[in-house]
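First up is the structure itself, then whatever we jot down about it.
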Amino acid sequence: YGREFQSPYFVDKSLLLEQLMMRVETSTNYVCITRPRRFGKSVMANMIASFFSRACNMKDVFDKLKIGASRQYRAYMGKYDVVFISFNELPRKCRSYEQYIERIENRLLADLKEAYPKADIGQEDAVWDAFAEVYSVYGSKRFIFVLDEWDYIFHRDFVTREDRKEYIDFLSNLLKGKAYVSLAYMTGIL
């Protein structure tokens, strides 16, 4: 390892990526990791997103880690469009579930419209319809979803029981059985 990885506090957990590589585009491509707070879930989510994302050039980092010796390393590293959502980021002065989810939906729609201009995506489209449109127009384009702290909203005072149900429906509509999902990796405490 390089000098940056010689700290007594550095633990190389990159071999977890081998387990995820085996799940990409299979029937076991949905993974949810639940652990108490401060167990490194967000660090792992960031590593996973950085590894798979074609938008990140992290070869210099991953080459030095244990995953760099994996036979499948080059076949998966930097080959996917990754959707990373950190659900613990609230809009400023957020007072309702509607404000919270609209921010997420608007950002996803804007990103999809910018990245895939040939897709017919309207601001009023459901996010899952926009992903399906990209999948259709861009030759079966598939995504890896990394959803960090998916259950964060459950711990906010302004969220009602009905809001929680709507949120679960949102996640289900976005991910469940969708052809555009190569892998879904979620972290949470519930």
Side-chain angles (χ1 to χ4, degrees), residues 16-34 41-42 44-58 62 67 72-89 97-98 100-154 163-188 190:
L16 168 74
L17 295 165
E18 280 187 329
Q19 301 302 311
L20 294 176
M21 287 187 272
M22 294 185 313
R23 294 175 180 270
V24 172
E25 299 185 23
T26 69
S27 61
T28 60
N29 62 339
Y30 295 88
V31 178
C32 185
I33 303 298
T34 57
K41 297 178 301 295
S42 294
M44 293 299 295
N46 284 313
M47 179 185 70
I48 292 162
S50 296
F51 176 78
F52 286 109
S53 177
R54 72 176 81 244
C56 294
N57 183 1
M58 301 295 290
F62 286 106
I67 193 63
Q72 299 174 317
Y73 170 67
R74 299 230 186 281
Y76 287 89
M77 194 200 141
K79 304 290 188 203
Y80 293 88
D81 290 336
V82 174
V83 176
F84 182 90
I85 304 171
S86 183
F87 282 100
N88 66 343
E89 296 173 359
Y97 168 74
E98 192 171 291
Y100 173 78
I101 203 69
E102 278 182 10
R103 178 175 186 252
I104 293 167
E105 290 174 320
N106 289 339
R107 286 182 170 195
L108 283 172
L109 288 171
D111 287 349
L112 286 171
K113 286 170 68 170
E114 181 180 328
Y116 305 99
K118 289 189 262 179
D120 183 20
I121 300 171
Q123 195 58 35
E124 297 302 315
D125 284 347
V127 172
W128 42 90
D129 292 335
F131 277 105
E133 172 70 7
V134 169
Y135 176 83
S136 175
V137 171
Y138 282 84
S140 301
K141 171 61 73 184
R142 299 184 79 190
F143 298 85
I144 289 181
F145 288 82
V146 179
L147 309 180
D148 193 27
E149 296 195 38
W150 77 269
D151 54 355
Y152 178 82
I153 196 65
F154 282 69
D163 293 337
R164 291 178 179 150
K165 182 186 174 317
E166 282 185 36
Y167 180 63
I168 295 297
D169 287 345
F170 168 79
L171 291 175
S172 179
N173 286 326
L174 178 64
L175 300 172
K176 188 176 179 184
K178 302 298 185 181
Y180 55 76
V181 177
S182 288
L183 177 74
Y185 181 89
M186 301 167 60
T187 72
L190 291 178

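By convention here, the first residue in the shown sequence is residue 1. Only heavy atoms go into these numbers, but all of them, side chains included; no hydrogens, no water, no symmetry mates.
Atom-to-atom distance recorded for W150:CH2 and C32:SG is 6.5 Å, nearest 0.5 angstrom. Here the straight-line distance linking atom CG of L20 with atom CD1 of I48 works out to 5.0 Å at 0.5 Å rounding. The OH atom of Y97 sits 12.0 Å away from the CZ atom of R164 when rounded to the nearest 0.5 Å. Taken from CG in L183 to OG1 in T28, the straight-line distance is 9.0 Å, to the nearest 0.5 Å.
No side-chain donor-acceptor contact under 3.5 Å links Y152 to the backbone of E89. For the pair D151 (side chain) and L190 (backbone), a donor-acceptor distance under 3.5 Å is present.
Taking the six-membered ring for Trp and thresholds of 30 and 60 degrees, F170 and Y167 have nearly parallel ring planes, at less than 30 degrees apart.
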Please report, to 0.1 Å, the donor-acceptor pairs under 3.5 Å made by any side chain of residues 140-147, with sequence neighbours excluded.
| from | atom 1 | to | atom 2 | distance (Å) |
| --- | --- | --- | --- | --- |
| K141 | NZ | D81 | OD2 | 3.0 |
| R142 | NE | A179 | O | 2.7 |
| R142 | NH1 | E25 | OE1 | 3.4 |
| R142 | NH2 | A179 | O | 3.4 |
| R142 | NH2 | V181 | O | 2.7 |

Could you list the donor-acceptor pairs under 3.5 angstrom formed between side-chain atoms of residues 125-137 and any protein atom two or more places apart in sequence or on another chain?
| from | atom 1 | to | atom 2 | distance (Å) |
| --- | --- | --- | --- | --- |
| D125 | OD2 | G122 | N | 2.8 |
| E133 | OE2 | D120 | N | 3.1 |

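Contacts classified as side-chain hydrogen bond (donor to acceptor under 3.5 Å, both in side chains) and involving residues 102-115 (residues at least two apart or in different chains) are given here: N106-Q123.
Here the shortest heavy-atom pairing between P117 and Y138 reads N-OH, 3.2 Å. In terms of heavy-atom proximity, C56 sits nearest to S50 at CB-O, 3.8 Å. Listed here is the closest heavy atom pair of Q19 and M22: OE1-CE, 3.3 Å. Between E149 and F87 the shortest heavy-atom distance is O-CB, 3.2 Å. Here the closest non-hydrogen pair linking Y30 and L175 is OH-O, 2.7 Å.
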Is there a ring pair (Phe, Tyr, Trp, His ring centres under 6.0 Å) between F62 and Y73 once you walk through the steps?
CA-CA 9 Å; F62 286 106; Y73 170 67; 7.1 Å; no

Please lay out, stage by stage, how M44 and Y185 fare under the test side chain to side chain contact (heavy atoms under 4.5 Å, CB included).
CA-CA 10 Å; M44 293 299 295; Y185 181 89; 4.1 Å; yes

What's the verdict on side chain to side chain contact (heavy atoms under 4.5 Å, CB included) for L171 and M186, showing C-alpha distance, side-chain angles and the deciding distance?
CA-CA 11 Å; L171 291 175; M186 301 167 60; 4.3 Å; yes

Yes or no on side chain to side chain contact (heavy atoms under 4.5 Å, CB included) for I67 and M47, after CA distance, side-chain angles and deciding distance?
CA-CA 12 Å; I67 193 63; M47 179 185 70; over 6 Å; no

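Not counting sequence neighbours, the partners of D169 by the salt bridge (Lys or Arg N to Asp or Glu O under 4.0 Å) test are K165. For Y80, the ring-ring contact (aromatic ring centres under 6.0 Å, His included) partners two or more places apart in sequence, or in a different chain, are F52. With sequence neighbours left out, the salt bridge (Lys or Arg N to Asp or Glu O under 4.0 Å) criterion links R74 to D63.
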